[in-house]
Amino acid sequence: MEQRPLWSEAGAAPAEAPTTRGSRAVRTSGVKSRRELSAPVAAATVRAEVSAPVLASIAVGRPVRGEFTYALPEELAGRLEPGQRVLVPFGRGTALGFYLGPASPPPGDKVKLKAVQRVLEDSPSLPRDLIALLRFAAVHYRYPLGEVIRGALPPGLSKAVEEKEAKPDVQHFAVALVNEVPPELSRAPAQSAALAYLLAVGGRAPLEEVAHAIPGARETLKKLATRGFARLEEKTVEASVKEGLIQGRPDHLTPEQDAAGVVLRGALDAATFQPFLLHGVTGSGKTEVYLRAAEHALSLGKGSLILVPEIALTPQLVGRFRSRFGAEVAVLHSALKDRERLFHWQALRRGDVKIAVGVRSAVFAPVDNLGLIVVDEEHDPSFKQEEKLRYQARDLAVVRGKQAGAVVVLGSATPALETLENVKRGRYQLLELKHRVDDRPMPSIELVDLRVERPREGVVTEEAPILSPPLLEAMAETIGRGQQVILFLNRRGHSTVLLCEVCGLSLKCSECDVCLTHHRSQNRVVCHYCGLAMPVPEQCLECTGPMLKLGIGTERVEAEVLERIPTARVARLDRDSASSAERLTELLASFARRELDVLVGTQMVAKGHDFPGVTLVCVVMADTSLSIPDFRAAERTFHLLTQVAGRAGRGKDPGRVLVQTYNPDAEPVRRVLAHDFDGFANQELEWRKALAYPPYSRMAAVRLEGEHPEQTASVARSLGNIVSRHMPPASAGVRMLGPALAPISRIRGKTRWQLLLKGPTHTALAPLLARVEAALADVPSAVKVVIDVDPGAML
DNA sequence: AGCACGCCGACT
DNA sequence: GTCGGCGTGCTC
């Protein structure tokens, strides 16, 4: 058999994992050896000489596991390349398929193979390196390959239709004609919001993109154009590609930025896989390092992929890439329209556009001749997708870099402990930026012990106050100097718990296992998990006792600031107040224009914003996120506190940070105060090692959700039994935790259970996961079970 | 996912 | 007697 040497790896593949229980003879195993991923694929011309029917391995765009073998009609055999979309008969109908390469005949003999019907495109939508990445993702995260591929493609290419070119051959751009929002627009919030956004992203952006961030911006920008504050342009794509307006490039770098740049340029020149951690304190100029690296890649004719946590919250970074590289950049945000998504995909695929900036899903962007991958804020939890294919984009970025021979830069002020451990083991090279740009000092961080500095009772406030005297004093002083304050608290609403004074019962959601939060502005109690809302009960629903309102949220902090410092101009920034993207941008713009003195907010205020007027940042309660039952709680707290603290003193004036807490001895709090990331990390790593948590182990979660509590519990227990029965000897170090009710045991009326697996390597867990997967066939459909590999949270 | 096949309730 | 409920299983 002539095919044998070419494809012998495929025959050996099934050894890797016992797949589904039946592992039917007709099915090509979905699990392929790693070698096969990089195996050279036979040229179609070779197959033409073979007299036996030419066979094709196809991933079908349906949620079925494994790859399928089809016969390839002779006239198609010559024109098929891996990654091409085809039409195949499947079941009684047809389905979209992805040609992955030639196949060997399936072992069972009496299988009648169907033939590929049609080729849907002349050149593959999927580049070679992406196929390898998607295959890895399908195996690692245990998700059907066809679905993985379909999910990665833009909607226009994930349907079984011929490829058509998405050709808005003219693109509409909005260009700002002023450098800041003029005061005469202060009475026109929509216009000032649109203009503020446009300025934030570099003064020039596709109309589509502004309209995405700010609903109705199309009309608003027209109005701005007639008033002379902006201009609308139509550009052919070719013209805008040539434009490449290089601007805003700082002349000199800090010595540290320079040193990092030299190393990265060397790595890019070497054109091999090299992973780096760029560990830089907030304000140290990481973005400029990324920009220079992308510039260098471009000069070598290579493409770059830049991943960021959330575009709407990082317009500055997007703006800098756009103003540096012009139309050489495709910005891939979460809510592009189908047409635009397809257009960007094709432009990147052709190599017309060489840089992609995008969120999590952009890790699958078909950047041509990939030279550089950057993951900014690599520790950010939003890189983990929590549905469908539950991938970690940062991890996949490293895999992709390895497969593509690209340089990978993970950037953060507070790297994930997983990343740090990779540095310690010598897998990633460390680049450090220890100093801020212009040698601005790090903000001073002071502790306010709430057990000592008791907040004084107010006149109006009916509940216990939370702002301590030192905090109020510092705020008043800062505002007096004409500077601005950010108050951070990680909880929305007014009070977070309503407790009966007599029977001690707290008011819970009827559908979820969580307490209802009182939102005074809406005069309702609201469930933050399912959205259920109801009027505020006057008294306890059980015993008619009076209700105490405990637990502090942003609404209450806002009210307290207003009461204590009546002259302060205060606004609140959380999911309730920033209900629309428009409101969000407007609020941020207004704060940036210094029309507000105090911004009270949740996580939203902690991310990448750059407000030079802010010199005081207060953390209202540092302990809230410490009590979460998750082994990463301390790490999250440290990240969050550091990030918030980093908002202070980004302008000329030095910054000051006050942290209120009832837990001054808590490790993350103490270490943040001392600006001691390394100390925190070492301590935390030691603890993780002792308890064999990641990065010293790999985890996988089996999550169950069901209508009926008993049924869900029994399924959970039976899956637990299956795992215990196949548990390797204790020496293998694999452990099962649970099955147990999830920490939030009910959401939207569904009972939740989970089972955690912990092992020294992912390979040690894979066989157990395969067993669970096989058992899924016998699980009643009323119970939904998903496998979450490398889970991001334990809830 | 679709779309079969397959055994138990209220309708012409 | 039949139409149809969605439980279970398969798709090269």
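Below, each value reflects all heavy atoms present in this structure, side chains not excepted, and no hydrogens, waters or symmetry copies. All chains are named by letter (A, B, ...) in the order of the sequence lines, taking the proteins before the strands, and each is independently numbered beginning at 1.
The ring-ring contact (aromatic ring centres under 6.0 Å, His included) contacts involving residues 76-96 of chain A comprise F68(A)-F90(A), where partners must be two or more places apart or lie in separate chains. For residues 738-748 of chain A, the side chain to side chain donor-acceptor pair (under 3.5 Å) pairs, not counting sequence neighbours, are D513(A)-S745(A). Residue pairs meeting the salt bridge (Lys or Arg N to Asp or Glu O under 4.0 Å) criterion with at least one partner in residues 114-125 of chain A, sequence neighbours excluded, are R79(A)-D122(A), R85(A)-E121(A), R118(A)-E162(A). Within the structure, every pair that satisfies the salt bridge (Lys or Arg N to Asp or Glu O under 4.0 Å) test and touches residues 390-400 of chain A, not counting sequence neighbours, is listed here: D129(A)-R400(A), E378(A)-R394(A), E386(A)-R390(A), R390(A)-D788(A).
For the pair K112(A) NZ and dC10(C) C1', the computed distance is 10 Å after rounding to whole Å. In this structure, F68(A) atom CZ and dT11(C) atom P are separated by 8 Å, rounded to whole Å. dA4(B) atom P lies 12 Å from atom CZ of R62(A), rounded to whole Å. Rounded to whole Å, atom C1' of dT11(C) lies 14 Å from atom CD1 of I58(A). In this structure, the CZ atom of F98(A) is 16 Å from the C1' atom of dC12(C), given to the nearest Å. At whole-Å resolution of the value, CD in E67(A) and P in dT11(C) are 17 Å apart. Whole-Å rounding puts the Y99(A) OH to dC12(C) P distance at 19 Å.
For R725(A), the side chain to side chain contact (heavy atoms under 4.5 Å, CB included) test picks out N721(A), I722(A), with sequence neighbours left out. Applying the side-chain hydrogen bond (donor to acceptor under 3.5 Å, both in side chains) criterion to R752(A), with sequence neighbours excluded, gives no partner residue. Residues meeting the side chain to side chain contact (heavy atoms under 4.5 Å, CB included) test with A397(A), sequence neighbours left out: L307(A), V363(A), I373(A), V375(A). Q711(A) is linked by a side chain to side chain contact (heavy atoms under 4.5 Å, CB included) to H708(A), P780(A), A782(A), V783(A), counting only residues two or more places apart in sequence or in another chain. For K159(A), the side chain to side chain contact (heavy atoms under 4.5 Å, CB included) partners two or more places apart in sequence, or in a different chain, are P155(A), V161(A).
In this structure, the separation between CZ on R698(A) and CG on L757(A) is 13.5 Å, given to the nearest 0.5 Å.
Listed in residue order, the members of residues 145-156 of chain A having a heavy atom less than 4.0 Å from DNA chain C come to none. Of the residues in residues 86-95 of chain A, those with a non-hydrogen atom less than 4.0 angstrom from any atom of DNA chain C are P89(A), F90(A), G91(A).
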Check nucleotides 4-8 of chain C against the protein and report each pair of N or O atoms closer than 3.5 Å, with its distance, or say if there are none.
none

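Contact annotation: the side chain of L120(A) approaches that of L96(A) to within less than 4.5 Å [non-hydrogen atoms, C-beta and beyond].
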